[in-house]
Amino acid sequence: MSSARLTRRSLLKTSAAGLGAAMLPFGLPRAALAQEALTIGVVYVGPKDDFGWNQAHAVSMDILKGVPGVTVVEEENVPETGACAKSMESMINLDGATLILGTSFGYFDPFMVDLANKYPDIQFRHAAPLWSADKHPMNLGGYFCYLNQAHFVDGVAAALSSTTGKIGFVAAKPIPTVLSNINSVLLGARSVRPDATVQVIFTGDWSLPVREAEAANALVDAGCDVLTCHVDGPKVVIETAEARGVKCCGHNASQAALAPNGFITGAEYKWETIYTMYADMLAKGEALPNVVVGGYHNDMVRNTAYGAGATPEAIAAADAAIADLKAGKPIYAGPLKDNAGNVVIDKIYDNYDPFLDGMGYLLEGVIGSTT
Amino acid sequence: MDGTLKPTAAVAVGGARLRMTAEAIVIPLASVCAAAALFSLFLLFLGKSPGQFFALIWQGGFGSSFSIQNTLQRSSPIILTALAFAVPAIIGLTMIGAEGALVLGGFAAAVTALPLIALGVPVGLTLPLVAVAAMATGAGLIMIVGWLRHARSVNETISSLLLTYIAIATMSFFVEGLLRDPGSANKPSTTPIGKDYMVGSIPGTDVHWGFVAGLVLAVALWVLMARTTFGFAARVTGGNPRAAKAQGLPVGGLILACSAISGACAGLAGFFEVTAIHGQANASLVAGYGFAGILVSFLGRHNPLAIVPIAILFGAIEASGGLIQRRMGLPDATSALLQGLIFVLLLASDTLHGRLAIFREREAR
């Protein structure tokens with residue numbers, strides 16, 4: 001496994017076969033899976049029912065629990081401290097786990113790196129693209145879904161479901177993945193409605209429910225009639241939007257149930273594509289790829305089923321956008337300026353181009369500042 | 001604050017002292033048992049086996065050498081933060097700012113280590129200097145609270161809590177701005193200090209030296225608070241600050257000194273979190289150790305020696321919490337519920353002190 005890029009290419013080549021099998025976990029020959037009992041240990045940083053990041057992982061693991069021969073052991077609310085290393089080690093020593101999935105960003109370095117060195121026979125996979133062949137052990141790796149593709153679709157649907165064309169975005173921190181989601185919402189919205197804007201408020205941390213509610217209210221007061229967000233648990237933002245009578249788009253997992261009137265669609269991870277692939281490969285005795293990244297083209301993200309807030313035009317345009325993304329249509333088609341007027345994206349970038357992983361700006365049309 | 005190290009303890013002699021010690025041990029122990037009993041009822045109500053629950057706590061906390069190391073590792077920061085609560089408690093202050101002192105101390109450690117490493121200062125000199133910087137930073141933070149208490153009568157509980165938020169925000173401000181390692185794109189952190197400058201583990205284990213530091217400090221602070229004139233003066237002040245002042249005790253100085261010790265303990269915990277665990281300062285330093293220490297200190301009735309076994313017990317509950325989630329399908333909140341029950345019953349049991357005939361002096365009957 002030489003690099004993330006090559007891995008992705010090889011994954012693309014085999015996606016028809018590999019992912020085809022991965023998508024059909026229940027169609028696998030049972031004997032193959034039952035040959036050797038597989039115990040997978042999963043560690044979550046928050047509660048499994050947070051309507052967000054952790055729930056997205058947990059519902060995917062629930063699918064694996066139904067696969068014969070696979071045992072899933074889980075721990076929730078494990079902080080990114082020495083505690084996470086001990087939880088993983090405990091799964092290895094006391095439960096016999098042979099695949100450890102660390103689903104929080106801060107678990108990787110130093111904890112999972114050290115553990116992978118300490119337990120060379122155990123496979124470790126981490127939910128972010130941080131692994132590199134020249135720095136990290138070979139029994140460690142990463143997987144990641146480019147959720148900004150689904151947020152692009154959110155932008156399309158939001159712009160056509162809005163009357164004002166003003167979309168509000170409650171964001172945790174101005175880091176690249178968050179900025180990419182904000183910019184993708186904007187580009188999606190402007191692809192169908194060139195005057196659309198995205199107004200962003202950063203709360204400063206991943207889970208600050210009070211500040212998220214304040215930010216959501218402030219955005220509605222500023223005239224936004226669709227809200228979306230990138231925080232760990234979108235529950236507060238979605239419920240605030242619904243209570244204020246504006247529409248909303250979800251994030252991470254399905255929040256459709258929280259907003260029966262205003263829910264349009266939402267950006268959802270589809271971790272089960274990766275998790276079932278891992279289980280399948282281990283059952284067959286194959287080596288796991290070190291890095292798996294993807295998006296719409298290989299079934300690793302999805303949009304939540306349209307809710308009552310989505311207009312017919314929005315649904316049609318969003319479906320078309322999804323088809324385009326599956327075909328690999330680039331989101332960041334430069335030249336594009338940031339909201340201070342500098343050209344930050346000079347040409348058309350592939351949706352997985354590493355250049356985009358270092359994003360530190362908000363595009364023209366986004367109201368807000370990273371500082 | 002009604003601590004074990006009460007002024008009267010210093011003058012009690014012979015059998016009276018024995019009875020007081022017995023009272024200080026039996027009542028908290030009984031409340032822990034009562035909490036366990038109540039919790040068992042709760043488990044039975046859920047259709048789960050209390051026997052399995054406590055067996056898993058044993059297995060996950062002490063059942064193997066891995067489990068014991070897991071427990072000790074988790075108890076290390078809590079011993080230090082519990083000491084950070086206990087020392088001000090003895091002088092009558094409810095100081096809950098250990099979390100802030102830990103975070104700011106850890107941040108100071110990460111920040112002072114980098115230039116020293118860049119200058120090529122040897123690791124044997126760098127780590128002590130960095131530890132001093134962390135302790136001084138923590139001490140400085142809590143001394144602000146002590147000074148406000150003494151000079152301006154500002155409630156120390158409120159001001160230490162608010163300063164904790166300021167401390168965390170200060171660290172975030174620098175870690176996400178000026179002092180951010182450009183390589184830490186999605187998790188803002190300071191530049192890693194590197195493996196060569198990390199504090200190692202106790203040989204033969206993977207428990208870091210912070211545990212030993214906690215043990216040494218617990219003994220040292222017990223001697224200081226129970227066996228020296230400084231400690232006596234602090235206990236007298238804790239009993240009645242106005243009387244202490246009337247006696248000519250330097251109350252302000254004592255409060256500042258106890259605040260400094262408190263902040264230094266928490267700062268040292270931050271030092272070990274950075275130099276033994278994370279290797280850099282980031283938001284992961286805010287892990288609640290400072291608040292866990294409050295509970296442990298109360299359970300130990302603010303006796304530095306009692307804090308050690310109780311912190312280890314809490315380390316064991318934390319260490320086995322995962323096993324309980326995995327084996328019994330109970331949510332993470334289960335451990336928190338047990339801890340909460342213990343805390344509430346323990347606070348309630350305070351009322352029993354001095355009321356049980358068995359612990360009273362015979363002559364008084």
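All values below come from the heavy atoms of this structure, side chains included, with hydrogens, waters and symmetry mates left out. Note on naming: letters A, B, ... go to the chains in the order of the sequence lines (proteins, then strands), and numbering restarts at 1 for each one. Bear in mind that the values here come from a model prediction, so they are computed numbers and not experimental data.
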Next on the checklist: Which atoms of Glu318(B) are under 4.5 Å from chain A, going by heavy atoms: the side chain, the backbone, both sets, or neither?
Outcome noted: neither
Item to check | Spacing of Glu89(A) atom CD and Asp206(B) atom CG [to the nearest 0.5 Å] | outcome: 5.5 Å
Checklist entry - CD of Glu75(A) to CZ of Arg326(B): how many Å apart, nearest 0.5 Å? => result 5.0 Å
Next on the checklist: I need the Asn282(B) CG to Phe105(A) CZ distance, nearest 0.5 Å.
Outcome noted: 10.5 Å
Checklist entry - Just how far is it from atom CG of Leu323(B) to atom CG of Asn93(A), taken to the nearest 0.5 Å? => result 11.5 Å
Next on the checklist: Quick check on Tyr289(B) against chain A: is it the side chain, the backbone, both or neither that has a heavy atom closer than 4.5 Å?
Outcome noted: side chain
Item to check | Residues from residues 46-64 of chain B approaching chain A under 4.5 Å (heavy atoms) | outcome: Gln59(B)
Checklist entry - What distance do Lys86(A) atom NZ and Thr71(B) atom OG1 have between them, rounded to the nearest 0.5 Å? => result 9.5 Å
Checklist entry - What residues of residues 76-85 of chain A sit under 4.5 Å from chain B when only non-hydrogen atoms are counted? => result Glu76(A), Asn77(A), Glu80(A), Thr81(A), Gly82(A), Ala83(A)
Next on the checklist: Can you tell me which portion of Pro331(B) sits under 4.5 Å from chain A's heavy atoms? Options are side chain, backbone, both or neither.
Outcome noted: both
Next on the checklist: Between Pro110(A) and chain B, with a heavy-atom cut-off of 4.5 Å, which part of the residue counts as in contact: side chain, backbone, both or neither?
Outcome noted: side chain
Next on the checklist: Less than 4.5 Å apart, side chain to side chain, heavy atoms only: is that true for Asp95(A) and Arg327(B)?
Outcome noted: yes
Next on the checklist: Can you confirm whether Tyr165(B) is buried at OH, in the sense that more than 12 heavy atoms of other residues, nucleotides or ligands lie under 6.0 Å from that atom?
Outcome noted: no
Checklist entry - What do the steps show when you test Asp109(A) against Lys187(B) for side-chain contact (heavy atoms from CB on, under 4.5 Å), and what is the final call? => result CA-CA 11 Å; Asp109(A) 196 7; Lys187(B) 177 157 188 176; over 6 Å; no
Checklist entry - Any chance CZ of Arg180(B) has more than 12 other-residue heavy atoms, nucleotides or ligands included, within less than 6.0 Å? => result yes
Checklist entry - What distance do Gln325(B) atom CD and Lys48(A) atom NZ have between them, rounded to the nearest 0.5 Å? => result 7.0 Å
Checklist outcome for this item: Looking only at Gly358(A), Ser87(A), Pro176(A), most heavy-atom pairs under 4.5 Å shared with chain B are made by Pro176(A)
